[in-house]
Amino acid sequence: MSPYLVFVSNVTVLLAFCYVIIKKAVGGSRNKLPPSPPSIPLLGHLHLLGRFPHRSLRDLHSRYGTDGGLLFLQLGRRRTLVVSTAAAAADLYKNHDLAFASRVPSATVHKLSFGSNNVSFAPYGDAWRRSKKFAVVHLLSPRRADSFGLVRAAEAAALVAGVNLAAVAGEVVELRGLLYGYSNAVVTRAAAGTAGATAEKMKQLMVNSTALMSGLQLEDVLPDAAAKAVRWATGLEKRLDRQVEAWDELLSEMIAEHLEKKRDDVAGEEDLLDVLLRLRKEGTAGLELTDDRIKSIVQDMIFAGTETTSVTLEWAMAELIRNPRAMAKLQDEVARVSNGKPTIEEDDLSRMEYLKAVLKETLRLHPPAPLLVPHESTTAAVVQGYEIPAKTALFINAWAIGRDPTAWGDAAEEFRPERFLDGGGVTGIDLRGSDYQLLPFGAGRRICPAISFALPALEIALASLVGHFDWKLPIGTRLDMSETPGLTTPPLTVLRLVPECKTLLMA
Ligand code: HEM
């Protein structure tokens with residue numbers, strides 16, 4: 001028999017084996033689980049996810065889910081609990097956060113992230129707890145986030161300068177590239193003091209790695225050994241190895257440079273890599289900071305912080321273009337508060353209430369990670385009387401929760417930043433994880449540790465864009481508000497706009 005036929009017959013036997021296991025998992029405990037749609041062999045409900053899982057899951061929930069906000073799916077090999085209402089999210093976070101504090105394992109992510117020795121993908125346990133505390137206290141604390149004010153100011157000025165070139169030439173700008181460049185520069189400079197050529201190399205690595213990590217993973221349907229065999233047979237394992245080597249080379253260079261203090265950081269502040277190396281030397285990290293762990297953490301910050309920030313900014317601009325009254329109101333606020341100064345200053349941001357409301361409203365309607373980052377349970381849990389076994393994945397549908405009329409009223413689908421202002425109905429609702437109807441950063445143990453870092457980066461960029469320029473759609477084009485499928489969901493059509501310099505504020 002040819003090696004190909006041997007391979008195919010092995011995979012067939014393994015698929016049949018999976019089918020029996022899945023059937024047992026679905027059938028054996030059906031009575032105790034939340035309701036599910038009808039399933040098919042092997043895939044379970046995987047085929048029902050479609051291109052936009054957050055949208056399909058909302059529809060599936062409305063057909064099959066409980067009034068309590070739960071739905072149960074068998075996604076290939078993965079048992080999955082889906083939460084689609086604020087009340088169910090509150091119950092999960094308040095009563096079962098610990099049980100669901102781990103991550104769904106992925107061989108690809110594990111390999112690309114230096115063994116998941118980071119915060120985002122480490123399984124729940126002592127090492128993750130220490131890394132998270134470490135990130136919250138040393139890397140992303142409000143004080144540390146403040147210390148990157150100069151980096152944000154410099155990168156916001158570069159963003160304005162880029163737009164200005166197009167404005168002076170009367171050209172269209174593709175905002176996505178500029179916003180990605182801005183976010184990537186802020187995060188990489190804060191994480192590793194690096195900009196320019198190294199940041200460019202890193203950007204390319206991130207794009208390639210994201211492509212490998214997105215979408216259905218082989219282990220979602222095949223047992224681990226079979227998935228590995230398929231990765232090997234299809235050349236995927238080799239591509240992964242090459243990608244890991246490239247990351248390793250880049251991050252090793254950065255560590256060596258930092259150790260030799262050869263770098264030239266204009267901000268003059270410690271970057272996150274400096275902090276990690278200093279704490280390793282002092283022995284006060286409470287965690288063994290091997291080179292691999294340091295690489296994994298630095299890479300994690302850059303990954304977690306770049307696209308989330310740029311996607312939010314692109315949606316904010318798209319919503320403001322679609323809602324000219326909101327744009328005018330924001331421009332008025334920026335002009336009034338900055339009072340004729342030539343640049344927007346961070347100290348002024350705290351007085352821009354409408355700006356904050358615009359960003360909350362953007363994150364409500366367009367959370368960049370619509371299903372957050374999936375969690376996994378480490379122990380069995382009884383949720384609303386249903387018995388959820390250990391090793392069940394948890395999807396919190398932050399996108400559906402943010403648009404739920406029960407929480408947001410009849411105008412839930414509309415862009416109305418005023419709702420967050422005095423008398424607006426939901427004044428005081430915040431996005432830091434204690435109001436379960438607004439969860440763009442998650443909540444509980446796995447909440448994003450970088451909210452204090454992310455918000456000023458979003459605010460200064462948006463205030464600068466609308467403060468310095470008026471914006472129009474190019475003649476003959478229409479705004480496309482549909483999404484790109486993927487881990488994060490930017491607009492499907494790159495936002496192309498014509499900027500016009502405002503006279504009040506000059507770049
Ligand atoms: C608009 C900006 C951002 C948004 C909307 C966002 C959102 C999120 C979400 C939804 C999660 C997963 C929460 C969960 O598992 O339930 C997360 C985790 C995380 N984020 Fe962010 N994020 C943003 C910016 C950043 C930035 C700038 C950084 C770093 C510089 C960062 C670092 C992390 C890390 C390390 C985790 C993993 C936390 C853990 O697993 O315990 N994020 N973020």
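Whatever order the structure lists ligands and atoms in, that order sets their numbers, starting from 1. Here the structure is a predicted model, which is why all the values come from computation and not from measurement.
Taking every non-hydrogen atom of Asp300 and a distance limit under 4.0 Å, the qualifying atoms of ligand 1 come out as 35 (C). Each of the atoms 38 (C), 39 (C), 41 (O) of ligand 1 lies under 4.0 Å from some heavy atom of Lys132. Which parts of ligand 1 touch Pro368 is read off a 4.0 Å heavy-atom cut-off, strictly below it: atoms 5 (C). Interface of Ser120 with ligand 1, defined as ligand atoms under 4.0 Å from a residue heavy atom, comprises 34 (C), 35 (C), 36 (C), 37 (C), 40 (O). Close contacts between ligand 1 and Val119 involve ligand atoms 35 (C), 38 (C), 39 (C), 40 (O), 41 (O) [criterion: under 4.0 Å to a heavy atom].
In this comparison of Pro440, Ala191, Ser310, the heavy atom closest to atom 9 (C) of ligand 1 sits on Pro440. When the options Met301, Arg445, His375 are ranked by their closest heavy atom to atom 16 (O) of ligand 1, first place goes to His375.
The protein heavy-atom contact nearest to atom 12 (C) of ligand 1 is Val373 CG2, 3.6 Å. Cys448 CA, 3.7 Å is the protein heavy atom nearest to atom 18 (C) of ligand 1. Ranking the protein heavy atoms by distance from atom 23 (C) of ligand 1 puts Thr308 OG1, 3.5 Å first. With respect to atom 13 (C) of ligand 1, the closest heavy atom belonging to the protein is Arg446 O, 3.3 Å. Atom 27 (C) of ligand 1 has its closest protein heavy atom at Gly305 CA, 3.3 Å. Given atom 32 (C) of ligand 1, the protein heavy atom at minimum distance is Ala304 CB, 3.4 Å.
The number of heavy-atom neighbours closer than 6.0 Å to CZ of Arg351, taken from other residues, nucleotides and ligands shown, is above 12.
For ligand 1, the polar-atom distance check against Thr312 finds no nitrogen or oxygen pair separated by under 3.5 Å. Considering backbone and side-chain atoms together, Tyr93 places no N or O closer than 3.5 Å to any N or O of ligand 1. The distance criterion of under 3.5 Å between nitrogen or oxygen atoms is not met by Thr309 with respect to ligand 1. Residue contacts with ligand 1: Phe441 is placed with no nitrogen or oxygen under 3.5 Å of a nitrogen or oxygen of the ligand (distance criterion only).
Judged by the 6.0 Å and 45° rule, Arg364 forms a cation-pi pair with Trp408.
Using a 30° and 60° split on the angle between ring planes, His375 and Tyr93 fall in the perpendicular class, above 60°. Ring geometry for Phe134 against His138 counts as tilted: the plane angle lies between 30° and 60°, on a 0 to 90° scale. A tilted orientation is assigned to the rings of Phe303 and Trp247, their planes being inclined by 30° to 60°. By the 30° and 60° cut-offs, the orientation of the rings of Trp471 relative to Phe469 is perpendicular.
Using a 4.5 Å heavy-atom cutoff, the side chains of Glu282 and Leu279 are in contact. Residues Leu46 and Leu49 meet the side-chain proximity criterion, which asks for heavy atoms closer than 4.5 Å. Residues Ser116 and His110 are in side-chain contact: their nearest non-hydrogen atoms beyond the backbone lie under 4.5 Å apart. Side-chain atoms of Pro490 and Glu483, non-hydrogen and from C-beta on, never get closer than 4.5 Å to each other. Within the 4.5 Å cutoff, side-chain heavy atoms of Ile388 are placed close to those of Pro34.
At least one heavy atom of Pro449 sits closer than 4.0 Å to an atom of ligand 1.
Using a 4.0 Å cut-off between heavy atoms, Phe121 makes no contact with ligand 1 at all. In Ala454, the part holding a heavy atom less than 4.0 Å from any atom of ligand 1 is the side chain. Contacts between Ala450 and ligand 1, counted as non-hydrogen atom pairs separated by less than 4.0 Å, involve the side chain only.
In summary, Arg403 and Glu413 engage in a salt bridge, as defined by a charged side-chain N under 4.0 Å from a carboxylate O.
Asp271 pairs in a side-chain hydrogen bond (donor to acceptor under 3.5 Å, both in side chains) with only one of the listed residues (Arg189, His258, Arg144), which is His258.
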